[in-house]
Structures are given as structure tokens and as C-alpha cells.
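Inspection log for the structure reproduced underneath, given as C-alpha cells.
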Amino acid sequence: MFNKRVKIKELLSTEPQGQEVTVMGWVRTFRNNQFIALNDGSTNNNLQVVATLGMLNDETQKRITTGASLKVTGNVVASLGKGQKLDLNATSIEILGDCDAAEYPMQQKKHSLEFLREKAHLRFRTNTFGSIFRVRHSLAFAVHKFFNEKDFLYLHTPVITASDAEGAGEMFRVTTLPFDNPPRNEDGTINFKEDFFGKSTNLTVSGQLEGELAATALSDIYTFGPTFRAENSNTTRHLAEFWMIEPEMAFYDIEDNMNLAEEFIKYIIRHAMDNNREDLEFLAQRLAEEEKQLPQDKRSDLGLIEKLEFVLNNAFERITYTEAVNILLESPAYKKKKFQYEVSWGVDLQSEHERYLVEKHFKKPVIVTGYPAAIKAFYMRMNDDGKTVAAMDILAPGIGEIVGGSQREERLDKLVQRMEQMHIPVEEMSWYLDTRRYGTVPHAGFGLGFERMVLFVTGMTNIRDVIPFARTPKTCEF
Ligand code: 4AD
Ligand code: MG
């Protein structure tokens, strides 16, 4: 057996008693031909490997370069140096893989995040990205833990669908038809009957509609999968491929929905705080250093850890869309014409407005409900005023919209009427309407953009830095 090793994170938490262990990892630095800082990605803390003088011949010594991979066996002893509790006194050092120092792009110096985006295949080897992806993992694990504890079923909704859940029409097509000469109907349109599925299909923008089918029989379900949107938004908050968590609950109204969303967000943040403290502290420091470059008024009031604690310890603000518009209209920013986009009842809130509400006005996460029906999806439940729907968006400081959700329209006649108004093909969606035909129930759900959540918890500012390989307009590397 090759791999009988201990991971560095585990080793660093044990007491040094001269015990013999084997570790494997990559060299971060090599000093004085004697001290190797070894990292295996289990933690940002390196293990100090000490090579006794004379143990390495000249040739081996030259091969211990930044990035080279090693297998080291030795004894764990209390460290004489400061900065670490223990050392590994090597009795054998085997080079598993060489790394040419002249070529290796990940030398031990500070690289810009832009540079690392171009080298995304190697950026896992930096402390920043090590921390980000350990936190991302932890948040994903907490998502499943939360819903499992609440008896929700994890539902795998399809990636390829024939429906456009949001009615937004920003979808990636899936086809096996030849793009240079597709079969055509007599009127010149493309004949999708000859396509793989015999109809036009696309990558899913949301698992919600399928989620509703399951929830209206199994009560509580959630999805957690990749979703795809071909919106041409080249921003620090949009990806063309992102992961979304979508719970859907029977017998829930909009208030139950808000309560669940708030509890869920706090739960996964707490999980990361409890399990990833070191990584979060590292990221907090990274953020503080990055913010030193900014003018005073652009810096955050709270450090990353304090911000997360604040969110855990305070109730989210809950306001209606109408109240939000009034706050914006009364704001100094509006009066000084600082907003680029229009503010008026009926017009959707833009990211600058959302951020004003959470960052300047309330200084905490805000749940906005009761949006005008005309700017929201067809499935949202009409309120008694006949103008607004039981929608809820959760806005987070530094991010803007992090959750979008609603109570669903469970009344068949009202739903059909709304679909017709919005030109949603009622016939094609007959399967969806069956949930309203046969034992319809009040139900609700929401979608949390996973990368936006990871952005919030890690304090990173560009969504490309919290997903391993970002897909954005004109970029699809690796
Ligand atoms: O508000 P959205 O479009 O809602 C839905 O898809 C509903 N079907 C959810 C539901 O009720 N089940 O998207 C939900 C969330 C947004 O709040 C945002 O956090 C994230 O998904 N999101 C994106 N994240 C990254 N890149 C994009 N292009 C995103 N578009 C939406
Ligand atoms: Mg939305």
C-alpha cells in the first residue's frame, strides 16, 4: 500500500512525542538546505520538515523546489523554532514529482487575483484558494445537513429540460442537430422533431417547477445542482453556470418561507464559523489588506468575522417593495441623483438600489416582499390587492440579491389567467397545472445562489473566485 499517510491538519493537532509518521505534500519553501515548509491542502498551515544536515545529497537538495511533491517519513518532535508547535524530523525524503522553478508560475509571492484567474488550474495551490474551497465545501455539506435534519428530501431535478422555468428566455440550447445545416420545416423554421429529444431543449435555469411536482406529494424537498443562464451580464455577481439550492415546501405560506430562508442562511454560516475558523480568519485578513487599498469611505465597517457574527445575531429586516421604493425616493442618494437607474413604483430594483438598502440604510440583510406582479415570474401567488405578488428577495450586504423566492399560485384559475397574460404556453405546461388540478395546496419555496453565499461568507468580491472554474460570457477555460 502506497498511501499510509497522515494529513498535515491532523498531524498539527497532535502532541509531538517522537512518533513516526509519513506525510505527503507539496513544497511551499525550502530554507537553508534544511527546512521544508510542506503543504497538502488540508490546511493553510505548513508542516515544517527538518532535514538533518548531511542527509540529502546535492542532487536531491536541488530537486526540493517550490511546487515539488514529496513523501516524507520522520519523527514528530516539539519545534525549536517559533511559529509552529512541532516539526517533522525527516528520516527519509522521497521526491514524488519535480517542479521546475524556472517554469512554475506559482512561486511563493503575492499574485493578483486576476493573474490567478488565468491560472485557475493551479490557483488551488495558494492559501487564498485553499481557504475558499475548504469553506465552499463546508457550506455545501451544511446545506445537506440542514435539510436532512429537517426531514427534507434531496431531489435530483434534470439538467436538460424542455421548459423555461422563469419565462426569462435566457437559455443555453441543447441539440444534436448540425448547426451548419439543420433540418427545416416548410416555413423555414428549424424542425426539432428530428432533434435528439424530438423537441427543442435547453439547460435548466432552475429546478423549481420539477421541485413543485415532488413537494406536492412528498411535502418538503430541496434541490442542489448546477443551473445555467445565458444572460450576457459580465459582472462580479453573475455566472453562466452556477449552483443553486431550491427548497420547495407544501403547506407553507410566504411567512413560513421567509422564516425557513433566514434560519437556513444562519445555519450554514454558523456551520462554517464553527468548522472553518482558521480559513475564515485567513480570509478576513486578506480582505482587510485588500481594503487598505480603498479610500476610507469604501471600506467595510466590520471585519469579515464580525460581519458574519452580526448576521447570526440579528434578525433580518423585513420590508415590502412599496416601503423599499419609498425609502429610496427619500434617500440622500436619490436626491443627489446618485442612482444610475430609475426609482419608481413598478420598476424593478437594480443592484445599486438593493445595495443602498442593505449597506447604507439598514446595514443588515433585508427581505423584500410584495413585488409588483408585472416584474415577477408567472408562478408567484397574487396578493389580494391584485397588483403585487407574494414574492420575497433576500438582499445581503456587499452582494445584493442572494435569494429569490415566493409563495406559489395554487389557485388553478388565477394561475392559468396569469400564464395567458404572460404568454406562457398553457397546453405545454399541462403537467405543471396537474398539481393545481389534483389536490392543490398552498406551497412556497426559494432559490439561494450558492456562489453568492460563498462570496458573502468568504468576503471575496468577484464571483469568479469562489467557483473552481468560472463560466462567463466569452470565457470557458479548463
Ligand atoms: O431569483 P432567481 O432567478 O429565482 C429562481 O430561479 C427561482 N426559481 C427560485 C425558486 O423560487 N425556487 O434565482 C435565485 C438566486 C438568485 O437570488 C441569485 O442568488 C442566484 O440564484 N442567481 C445567480 N447566481 C449567479 N449567477 C447568476 N447568473 C445568477 N442568477 C441568479
Ligand atoms: Mg431573482
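Excluded from the calculations below are hydrogen atoms, water molecules and symmetry mates; all remaining heavy atoms, backbone and side chain alike, are included. Model, not experiment: these values are computed from the prediction.
A 4.5 Å side-chain heavy-atom check between Y222 and H144 finds at least one atom pair inside the cut-off. Using a 4.5 Å heavy-atom threshold, the side chains of D40 and V23 count as separate. The closest side-chain heavy-atom distance from F152 to M249 is below 4.5 Å. At a threshold of 4.5 Å between non-hydrogen side-chain atoms, the residues V403 and M392 count as touching. Looking at H271 and K266, their side chains never come closer than 4.5 Å, going by heavy atoms from C-beta outward. Side-chain atoms of K145 and Y267, non-hydrogen and from C-beta on, do get closer than 4.5 Å to each other. Side-chain contact between E262 and I367 is present, with heavy atoms from C-beta onward closer than 4.5 Å. Between L113 and N462 the shortest side-chain heavy-atom distance does not fall below 4.5 Å.
Residues K363 and E359 are not paired through a salt bridge, judged by the lack of any N-O separation under 4.0 Å between the basic side chain and the carboxylate. A salt bridge is defined here as a Lys NZ or Arg NE, NH1 or NH2 lying under 4.0 Å from an Asp or Glu carboxylate O, and K376 with D393 meets this definition. In summary, E241 and R229 do not engage in a salt bridge, as defined by a charged side-chain N under 4.0 Å from a carboxylate O.
For Q421, the CD atom counts as densely surrounded, since its 6.0 Å shell holds more than 12 non-hydrogen atoms of other residues, nucleotides or ligands. Counted within 6.0 Å of CD on E290, heavy atoms from surrounding residues, nucleotides or ligands total more than 12; the atom is thus considered enclosed. Under a cut-off of 6.0 angstrom, the local environment of CG in D187 is crowded, with over 12 non-hydrogen atoms contributed by other residues, nucleotides or ligands. Counting heavy-atom neighbours within 6.0 Å of K85 NZ, excluding the residue itself, gives a total above 12. For CD of E255, the number of neighbouring non-hydrogen atoms (other residues, nucleotides, ligands) closer than 6.0 Å is 12 at most. The environment of F115 atom CZ is dense: over 12 non-hydrogen atoms of other residues, nucleotides or ligands sit within 6.0 angstrom. For OH of Y104, the number of neighbouring non-hydrogen atoms (other residues, nucleotides, ligands) closer than 6.0 Å is greater than 12. Applying the 6.0 Å contact sphere to CD of Q107 captures more than 12 heavy atoms from other residues, nucleotides or ligands.
The CD atom of E352 lies 7.0 Å from the OH atom of Y341; values are rounded to the nearest 0.5 Å. The distance from the CG atom of L155 to the CD atom of E246 is 10.5 Å, given to the nearest 0.5 Å. Atom-to-atom distance recorded for Y252:OH and N259:CG is 8.5 Å, nearest 0.5 angstrom. Distance CD/E278 to CG/N45: 4.5 Å, rounded to 0.5 Å.
For H121 and F478, the ring centers sit closer than 6.0 Å to each other. Aromatic pair Y356/F339: centroids less than 6.0 angstrom apart. In this structure, Y154 has its ring center no closer than 6.0 Å to that of F224. In summary, the aromatic rings of F133 and F124 are positioned with their centroids under 6.0 Å apart.
Residues L177 and F192 share a closest heavy-atom pair of CD1-CD2, 4.1 Å.
The main-chain N or O of R28 is found under 3.5 Å from a side-chain atom of T66 such that the two form a donor-acceptor pair. Side chain of R237 to main chain of T461: a donor-acceptor pair is present (N/O by atom type, distance under 3.5 Å, no hydrogens or angles). For E409 (side chain) and M382 (main-chain N/O), a donor-acceptor pair under 3.5 Å exists by modelled atom type.
The ring pair (Phe, Tyr, Trp, His ring centres under 6.0 Å) test applied to F264 returns F146, F147, not counting sequence neighbours.
If you check the side chains of W345 and T322, you find a donor sitting under 3.5 Å from an acceptor. Side chain to side chain, Y379 and E212 fail the donor-acceptor criterion of an N or O pair below 3.5 Å. Between T176 and D195, the side chains place a donor N or O and an acceptor N or O closer than 3.5 Å (distance only, hydrogens not considered). A donor-acceptor contact closer than 3.5 angstrom links the side chains of R437 and S430.
The aromatic rings of F172 and F228 lie perpendicular to each other, with more than 60° between the two planes, well past the 30° mark.
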Without placing hydrogens or testing angles, list every side-chain donor-acceptor pair under 3.5 Å for residues 308-317, not counting sequence neighbours.
unit_1 : atom_1 : unit_2 : atom_2 : d
N313   : ND2    : E309   : O      : 3.1
N314   : ND2    : F310   : O      : 2.8

